[in-house]
Amino acid sequence: MPLAIASYQQLTALTDGRDVLSLAWTVDEQACLSVDLHALLAAVLRDEAVDAALAGVEAAGVDPYGEIALRFRLEAGLWPDLGDCGITCGAGVNSLLHNLASLARHGSAYVIGDAYPDYPHWFACNGGACHGAAVVGDVSAHIDRIRHLGVAVVLIDRPNLAGTDLGLDALRGLALALASQGTLVVVDESYANYLPPQDSAANIVGTTPNLCVLRGLSKAYQLGSLRLGYALAGRAAHAQVRRAVVPHQVSALSLRLGAAVLALGDIAAPLRARVAQNKPQMLELLGAVGIPAFSTSPWLPYVFLPGVGDGVDAPPGIDARHWLEARELVGKRQPFWSASSGEIAYRYRLSVPLEASRWERFERKFISP
């Protein structure tokens with residue numbers, strides 16, 4: 001199974017044990033936000049009167065894609081210049097990617113940079129072919145090749161796990177150059193919750209008609225259980241998105257809770273500061289015992305091990321994964337679609353411990369296994 005969710009099947013647990021520190025994913029990032037989200041959501045639920053809840057259920061009939069529920073909150077809290085872009089909600093970003101994979105049935109897609117593996121997988125299941133290319137600052141080569149191939153959809157993960165991303169000006173130039181041929185440019189910003197809002201492609205979607213930006217509440221917020229993802233789409237892209245996405249995917253309650261969180265604006269500044277503090281220290285600790293772990297995007301709370309699941313030979317010396325697991329530090333094999341090979345590849349990923357007590361446990365395991 002090439003889907004990303006399959007990477008969790010080998011793990012016995014996703015939470016810490018009495019002795020094990022699980023670094024398979026980030027379990028402590030919500031504690032580093034500037035707002036207590038549990039308290040906020042509890043207050044929203046507590047203050048919700050029965051008649052208001054019923055009104056929300058009834059409103060789903062006139063707001064099948066959640067646009068009314070989210071637009072004001074997104075503009076007030078995060079991006080005031082959304083313009084006339086459309087908003088379409090789905091049951092998480094993965095659900096939206098699955099829906100959008102149908103747009104190029106039996107056609108071709110073009111993936112710039114390494115990407116989350118599910119869209120290329122679903123696209124192939126629909127009979128399509130994915131072409132890949134590394135991220136380059138000069139997008140003219142991409143534009144020429146996309147035009148030559150007659151590509152229907154361009155997919156870009158931003159930020160991507162390789163740590164190389166197109167700037168907003170380059171991204172907008174790419175999309176506008178392809179608008180006349182009807183190519184949809186989809187930017188998966190699942191990981192962009194870690195970035196400042198001004199770095200998001202949401203800032204240019206209102207003036208880029210064929211651009212679609214996907215966002216969710218899983219990363220940083222740890223609210224994947226709400227099953228709420230949303231697509232911000234320019235005028236032309238919006239029509240394509242609505243043709244592909246099934247309506248009524250998100251409950252009125254999830255929309256209400258998600259809207260309350262998004263209205264808070266940028267609450268991840270303390271989280272970014274914690275990543276900036278702990279990540280270099282983690283790399284230093286690993287390097288001190290002979291594990292030359294490497295980082296990619298500076299914003300993401302992950303480091304990777306060379307020679308473990310990525311097809312790259314490890315340097316001679318310590319068996320990194322064995323050394324870590326002997327100290328009950330457990331990571332995961334992170335799958336991604338490789339733009340260079342056009343196939344599913346893997347890197348061994350360790351999530352950076354963020355919350356103070358977990359960081360202390362991590363440090364102790366380097367001293368006394």
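No hydrogens, no waters, no symmetry mates; every other heavy atom, side chains included, goes into these values.
- For the pair Val245 and Tyr65, the tightest heavy-atom approach, listed with the atom from each and the gap, is O-OH, 3.3 Å.
- You'll find the side chain of Val151 reaches within 4.5 Å of the side chain of Val154, heavy atoms only.
- Remark: Asp169 CG is loosely packed, at most 12 non-hydrogen atoms of other residues, nucleotides or ligands lying under 6.0 Å away.
- Scanning all heavy atoms of the two residues, the minimum distance from Val44 to Ala260 falls at CG2-CB, 3.9 Å.
- Under the salt bridge (charged side-chain N to carboxylate O under 4.0 Å, His left out) criterion, the residue pairs touching residues 28-41 are Asp28-Arg358, with sequence neighbours excluded.
- A donor-acceptor pair is defined here as one N or O able to donate and one able to accept, closer than 3.5 Å; no such pair exists between the side chain of Arg73 and the backbone of Leu262.
- In this structure, a donor-acceptor pair under 3.5 Å is present between the side chains of Thr207 and Arg172.
- In terms of heavy-atom proximity, Cys130 sits nearest to Trp337 at CB-CZ2, 3.7 Å.
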From CA spacing to verdict: side chain to side chain contact (heavy atoms under 4.5 Å, CB included), Leu324, Val330: CA-CA 7 Å; Leu324 290 165; Val330 180; over 6 Å; no
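- Looking at Gln334, its side chain never comes within 3.5 Å of a backbone N or O of Tyr346 through a donor-acceptor pair.
- Between Pro196 and Asp199, the closest side-chain pair of non-hydrogen atoms falls below 4.5 Å.
- Side-chain contact of Glu343 with Ser341: a donor-acceptor pair under 3.5 Å is absent, judged by distance alone.
- In this structure, Ser190 and Ser218 have side chains that are not in contact, with every pair of non-hydrogen atoms separated by 4.5 Å or more.
- Because its NZ or CZ atom is both nearer than 6.0 Å to the ring centre of Tyr302 and within 45° of the ring axis, Arg349 counts as a cation-pi partner of that residue.
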Steps toward side chain to side chain contact (heavy atoms under 4.5 Å, CB included) verdict (Cys85, His238): CA-CA 7 Å; Cys85 87; His238 179 59; over 6 Å; no
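- The shortest distance between side-chain heavy atoms of Ile156 and Val135 does not fall below 4.5 Å.
- Considering all non-hydrogen atoms of both residues, Val241 and Ala231 come closest at CG1-CB, 4.3 Å.
- Around the CZ atom of Arg235, the shell of radius 6.0 Å holds no more than 12 heavy atoms that belong to other residues, nucleotides or ligands.
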Dump the intermediate steps for side chain to side chain contact (heavy atoms under 4.5 Å, CB included) on Val303 and Leu283, then the final yes or no. CA-CA 8 Å; Val303 302; Leu283 291 168; 3.6 Å; yes
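- In this structure, Arg347 satisfies the cation-pi test against Phe336, with its NZ or CZ atom closer than 6.0 Å to the six-membered ring centre and inside 45 degrees of the ring normal.
- For the salt bridge (charged side-chain N to carboxylate O under 4.0 Å, His left out) condition, the pairs that include at least one residue of residues 185-197, sequence neighbours left out, are Arg158-Glu189, Glu189-Arg215.
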Before giving the answer on side chain to side chain contact (heavy atoms under 4.5 Å, CB included), spell out for Val250 and Tyr230 the whole-Å C-alpha distance, their side-chain angles and the decisive distance to 0.1 Å. CA-CA 10 Å; Val250 187; Tyr230 55 97; over 6 Å; no
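- A 4.5 Å side-chain heavy-atom check between Leu350 and Val352 finds every atom pair outside the cut-off.
- Between Phe294 and Pro306, the closest side-chain pair of non-hydrogen atoms falls below 4.5 Å.
- A heavy-atom distance below 4.5 Å is not found between the side chains of Leu100 and Trp122.
- Judged purely by atom type and a 3.5 angstrom limit, Asn160 uses its side chain to pair as donor or acceptor with the backbone of Ala162.
- Under the 4.5 Å side-chain criterion, counting only non-hydrogen atoms from C-beta, Leu214 is in contact with Val186.
- Here the CG-OG1 distance, from Asp114 to Thr296, works out to 10.0 Å after rounding to the nearest 0.5 Å.
- At least one donor-acceptor pair under 3.5 Å links the side chain of Asn193 to the backbone N or O of Lys219.
- Cation-pi contact between Arg333 and Tyr348: absent, since separation from the ring centre below 6.0 Å together with deviation from the ring axis within 45° is not met.
- Cys89 and Leu255 get closest at one heavy-atom pair: SG-CD2, 3.9 Å.
- Remark: the backbone N or O of Ser357 is paired with a side-chain donor or acceptor of Glu355 at under 3.5 angstrom.
- Ring geometry for Phe362 versus Trp359: interplanar angle of 30 to 60°, hence tilted.
- Salt bridge annotation for Glu67-Arg242: present, with a cationic side-chain nitrogen under 4.0 angstrom from a carboxylate oxygen.
- Although no hydrogens or angles enter the test, the distance criterion places no donor-acceptor pair under 3.5 Å between the side chain of Asp266 and the main chain of Pro197.
- Remark: the Tyr110 side chain and the His142 side chain contain an N/O donor-acceptor pair separated by less than 3.5 Å.
- Ser254 contributes no side-chain N or O that, together with a main-chain N or O of Arg227, makes up a donor-acceptor pair within less than 3.5 Å.
- Side chain to side chain, Asn203 and Asp81 fail the donor-acceptor criterion of an N or O pair below 3.5 Å.
- Annotation for Ala202 and Leu232: closest pair CB-CD1, 3.6 Å, computed over non-hydrogen atoms.
- Between Phe366 and Trp323, the ring planes lie tilted relative to each other; the angle falls in the 30° to 60° range.
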